[in-house]
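Please find one structure pasted underneath; my questions will follow.
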Amino acid sequence: MTSGPEHISARSNPLLVRLRKLAQDPGGYRRAGSVWLEGEHLCEACVARGVRPAQALLSERGAADPGLRALAARAPRVAIVADALFAQLSGLESPGRIGFVLDAPEAVAVAAGLPTVVLDRLQDAGNVGSILRSAAALGFGQVIALKGTAALWSPKVLRAGMGAHFALRLVEGVGLEALDALSMPLVATSSHAEHSIADGALPWPCAWVLGHEGQGVDAALLARCAETRRIPQPGGEESLNVAAAAAICLYESLRQRG
């Protein structure tokens, strides 16, 4: 930081106006070219992965914490915002005390050979963020969000991802043809599949395909899959939450690799 922090006490401040829009619009980062990241955990995860924020914002309460001041100093510009105004940027019941403004990530192409999760029109931001966490934890380095999937860098997905975004190669808004570049088998789950996920070796590396919460995997995408596997459900439930199913499938791939 080359100069002292800016102090913001007016609701009409242009930065706050822009960030309020970002906080309320899931796909707004695509138009604004910026991502709003709220909370100490996410900000720490960001800098731990070598991502430099464009700007840090501290609430007045946050500015009184030496640790948060040091975290904010990782940005070239810092603003201290009145507590009531900072709360208006928050999607949390208890607003955070620090936030980062990041430059929106540049679009990247699908990488071949990287263990992958494919999201087919998933709508729930919590599900999407949870799947990103599982992918990062269980050795899948790439997530591809097909057209119609919840915006990966929206505030709700970021909160649910708990920092996983910064450990993954994220490709979003692409069509089925982009999957040709993967050069690996696609594997989907289906309650009608003959074999369970533990029946015989799963391909590795592979791309697990996870479908829409209500409609499942699109038929055209399912036709591209080399295998379909079912998750045993002896309790008799009709289906699992897609984020829970994802964690089971990704863990089974990990377990088989020993």
Next item on the list: Please list all pairs passing the ring-ring contact (aromatic ring centres under 6.0 Å, His included) test where one or both residues lie in residues 56-97, with sequence neighbours left out.
Entry: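 Sorted pair list comes back empty.
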Note to self: As an exercise, state the distance from OG of Ser183 to CG of Leu114, rounded to the nearest 0.5 Å.
What the structure shows: 12.0 Å
Margin query: Could you tell me if Arg230 and Thr189 have a donor-acceptor pair between their side chains, going purely by distance under 3.5 Å?
Written below: no
Checklist line | Which atom of Gly62 lies closest to which atom of Arg97, heavy atoms considered | finding: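 Reported closest heavy-atom pair: CA-CB, 3.7 Å.
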Item checked: Under 3.5 Å: donor-acceptor pair, side chain of His41, backbone of Arg159 ->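 Here the side-chain-to-backbone pair does not exist.
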Contacts table for residues 200-216: side-chain donor-acceptor under 3.5 angstrom, sequence neighbours left out:
unit_1: Trp208; atom_1: NE1; unit_2: Ser253; atom_2: OG; d: 2.9
unit_1: His212; atom_1: ND1; unit_2: Gly214; atom_2: N; d: 2.9
unit_1: His212; atom_1: ND1; unit_2: Gln215; atom_2: N; d: 3.0
unit_1: Glu213; atom_1: OE1; unit_2: Gln123; atom_2: N; d: 2.9
unit_1: Glu213; atom_1: OE2; unit_2: Gln123; atom_2: N; d: 3.2
unit_1: Glu213; atom_1: OE2; unit_2: Asp124; atom_2: N; d: 3.0
unit_1: Glu213; atom_1: OE2; unit_2: Asn127; atom_2: ND2; d: 3.3
unit_1: Gln215; atom_1: OE1; unit_2: Arg121; atom_2: NH1; d: 2.8

Note to self: With a 3.5 Å distance limit and no angle check, can you tell me whether Asp25 reaches the backbone of Leu22 through a side-chain donor-acceptor pair?
What the structure shows: no
Check: So, do Leu71 and Phe100 sit near enough that their side-chain heavy atoms are less than 4.5 Å apart?
Finding: yes
Margin query: Nearest 0.5 Å, please: how far is CG in Leu15 from CD in Glu6?
Written below: 7.0 Å
Next item on the list: Mark yes or no for whether Arg169, through its side chain, and Gln142, through its backbone, hold a donor-acceptor pair below 3.5 Å.
Entry: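 No, the answer is negative, given that no donor and acceptor are paired below the 3.5 Å cut-off.
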Checklist line | Under the side chain to side chain donor-acceptor pair (under 3.5 Å) test, residues paired with Glu44 that sit two or more places apart | finding: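 Side chain to side chain donor-acceptor pair (under 3.5 Å) list for Glu44, sorted by chain: empty.
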Note to self: Minimum heavy-atom separation for Ala151 and Tyr29, please, with both atom names.
What the structure shows: CB-OH, 3.4 Å
Notebook entry, point to check: CG of Leu19 to CG of Leu85: how many Å apart, nearest 0.5 Å?
Noted result: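 Here the interatomic distance stands at 11.5 Å.
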Check: Would you say the side-chain atoms of Asp83 pair up with the backbone N or O of Arg61, donor to acceptor, closer than 3.5 Å?
Finding: yes
Item checked: Residue Arg49 excluded, over 12 heavy atoms near CZ under 6.0 Å ->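 Atom CZ in Arg49 is not packed in, count stays at 12 or less.
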Notebook entry, point to check: Just checking, is any N or O donor in the side chain of Thr149 or Glu172 under 3.5 Å from an acceptor N or O on the other one?
Noted result: no
Margin query: For the backbone of Asp218 and the side chain of Asp120, can you confirm whether one donor and one acceptor N or O come within less than 3.5 Å of each other?
Written below: yes
Check: So, the side chain of Arg229 versus the backbone of Asp199: is there a donor-acceptor pair under 3.5 Å, distance only?
Finding: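 At least one qualifying donor-acceptor pair exists.
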Checklist line | Atom of Val108, atom of Val171 and distance for their closest heavy-atom approach | finding: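 For Val108 and Val171, the tightest heavy-atom pair comes out as O-CG1, 3.6 Å.
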Item checked: Inter-residue atom distance Cys249.SG - Ile131.CD1, 0.5 Å rounding ->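 Rounded to the nearest 0.5 Å, the SG-CD1 separation comes out at 10.0 Å.
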Notebook entry, point to check: Do Arg69 side-chain atoms and Leu58 backbone N/O form a donor-acceptor pair below 3.5 Å?
Noted result: no
Notebook entry, point to check: Can you tell me how far the CD1 atom of Ile8 sits from the CD atom of Glu60, to the nearest 0.5 Å?
Noted result: 11.0 Å
Notebook entry, point to check: Rounded to the nearest 0.5 Å, what separation is found between the NE2 atom of His165 and the CZ atom of Arg133?
Noted result: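 Separation between the atoms: 12.0 Å.
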Item checked: Crowding at NE2, His7 (>12 non-hydrogen neighbours, <6.0 Å) -> yes
Margin query: Surrounding CZ of Arg74 (heavy atoms of other residues, nucleotides or ligands, distance under 6.0 Å), is the total greater than 12?
Written below: no
